[in-house]
Amino acid sequence: MSDQNEVDVVVVGAGFSGLYLLHLLRKNGFSTRVFERGDDVGGTWYWNRYPGARCDVESMQYSYSFDEDLQQEWHWPEKYSSQPEILAYIQHVAERFDLRKDITFGASVTAARFDETANRWTIETDSGESVSAQFFIMATGCISTANMPDIPGVDGFTGNIYHTGNWPHEKVDFTGQKVGVVGTGSSAIQAIPVIAAEADHLTVFQRTPHWTVPARNVPMTDEYEAGWKDSYAEKRANMRGSMSGSLRAVAPIDVSALDVTEGEREEAYRERWAAGGMTLLRSYNDLLTSDAANETAASWVRRRIAATVEDPDTAELLAPKTYPLGTKRLCLDTDYYETYNRDNVDLVDIASAPIDRITATGLETGGRDFTFDSIVFATGFDAMTGTLVRVDIQGRGALTLKDKWHAGPRTYLGLMTEAFPNLFTITGPGSPSVKSNMLTSIEQHAEFVTDTLTHLREHNIATIEPEQQAEDGWTDHVQEVANMTLFPKANSWYMGANIPGKPRLFMPYIGGVGAYREKCDAVAAAGYEGFRLECEENAAAAE
Ligand code: NAP
């Protein structure tokens, strides 16, 4: 298949979503080619090899559910898996289902044009290939285009520069080095304790402190593993119907944080802090909708920071104050705050004085000069839309996706966008995606898309495309739901706020994974309500 230039489907990306799509599409008789810019499978877990990289969703849940033998046979050695473990799992899946033979590695898709006469996409790669396909699926992940800040002087630095999202394959050894880390998001919070333990000295440059809670990662026990495997089917079903696509270790309390006593709150927060993981955010039902409720948890976490970090000035700098708890992605850490008690770690506030320039030997900020052997940029990604609009995708009337989304992404269900027939976005903007367990959402989208293609084939339908009204309604709905919460109060990458000039609006759908799935199922059951389906003759007649 990997040299065929006419296929039913082209998929871009060989991470979790591209691989599952390939498996499903092939099983359902669709000839499929996958293009992947990396040299092997893995997506996010192929690129993000920085020290300490680990998943914040428990492995028993951050794994495929589609194959019972696979989920029973695979053993995860830790509760939260490290990047090498997850990559090994993805590689195993590629082997097990013989997926690599239909994947072209080291090939970036650069352009795709929809031919309105033939009702087909022509997809081009940077290696000069041109492939024609009826369906074109972007399975490119939500955080796959690294954000390298535009700071003058980067090219003149004589030491090593790294970005966490594009980390070398060989081990980077910081022993004996002076290292600077720019950024304090999820990637930095995982990398900082590990780099600090190895380097001679580490300086962290912080623009905004992030909220982080302990992960409490532990080795997998037989009992815990069996607890999942003995009732996997039931647990996976519960995950699919849940709010976030995953099950919490400690159950949420379905009352307002303001309707209980301070003592009860204290106990609830302490229990969840001790259990570790994201569960703290769901302690009460209004932590993400009420400022006052949120502040009860936020001030409790600030007290934990003050109790952990020995230097009061550093503790003060590390305590977030400008946005509610959890409205930027909550981070999970292992000994993050404790790391600032080490003699070889300093924190520098760059909120008031940004980095002026990278020099030959380090960087300058606020009139201070720093010397480094290595600088690590943990500065995040042009998330959700960045990877999609960087490909020159042209739909009807040569409209580009970049132009269509100039004021922000517009989709129906986060799956398709009007004027781009037969183009699907897996975990696209407007779907639960990054506000859910990605594996649950990836499986749902891959299955929905495969079922849709099968339906079209059975009914001799050439194209599917959202109706304008359905797309407008869904795009408004995504914003309405977000505006009922505190999320828009943070300058987060969910809002596009981390990229200069990017439109500000909340991109993922936070109405809940279960509710979203029901909506998709209802749309399909009603004959793909809100989509325009055209047979070959009608599509041609509409020209
Ligand atoms: P991020 O959350 O966007 O954090 C980027 C950091 O860099 C922020 O502290 C940001 O400051 C800072 N920054 C950006 N541009 C800067 C500039 N020009 N000057 C100074 N500082 C700058 O990126 P990330 O940590 O890579 O994480 C992205 C997402 O990937 C996460 O939210 C998560 O969804 C996912 N992720 C998951 C895991 C996991 O599962 N364990 C691990 C890593 C990443 P501001 O806050 O001021 O913008």
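We count ligands from 1, going down the list as the structure has it; atoms in each ligand are counted the same way.
Ring centroids of Y62 and Y89 are separated by 6.0 Å or more, keeping the two rings apart.
For the pair H23 and Y64, the minimum side-chain heavy-atom distance is 4.5 Å or more.
Under the rule for a salt bridge (Lys or Arg N to Asp or Glu O under 4.0 Å), D286 has no partner lying at least two apart in sequence or in another chain. Judged as a side chain to side chain contact (heavy atoms under 4.5 Å, CB included), and not counting sequence neighbours, the contacts of W300 are E266, Y269, R270, W273, R303, R304.
Near ligand 1, residues Y50, R54, C55, D56, I143, N147, P149, V182, G183, T184, G185, S186, S187, Q190, R207, T208, H210, K328, R329, I350, A378, T379, G380, F381, W493 come within 4.0 angstrom through at least one heavy atom.
A salt bridge does not link R236 to E443: none of the charged nitrogens lies less than 4.0 Å from a carboxylate oxygen.
Sorted by first and then second residue, the salt bridge (Lys or Arg N to Asp or Glu O under 4.0 Å) pairs involving residues 347-372 (not counting sequence neighbours) are R357-E364.
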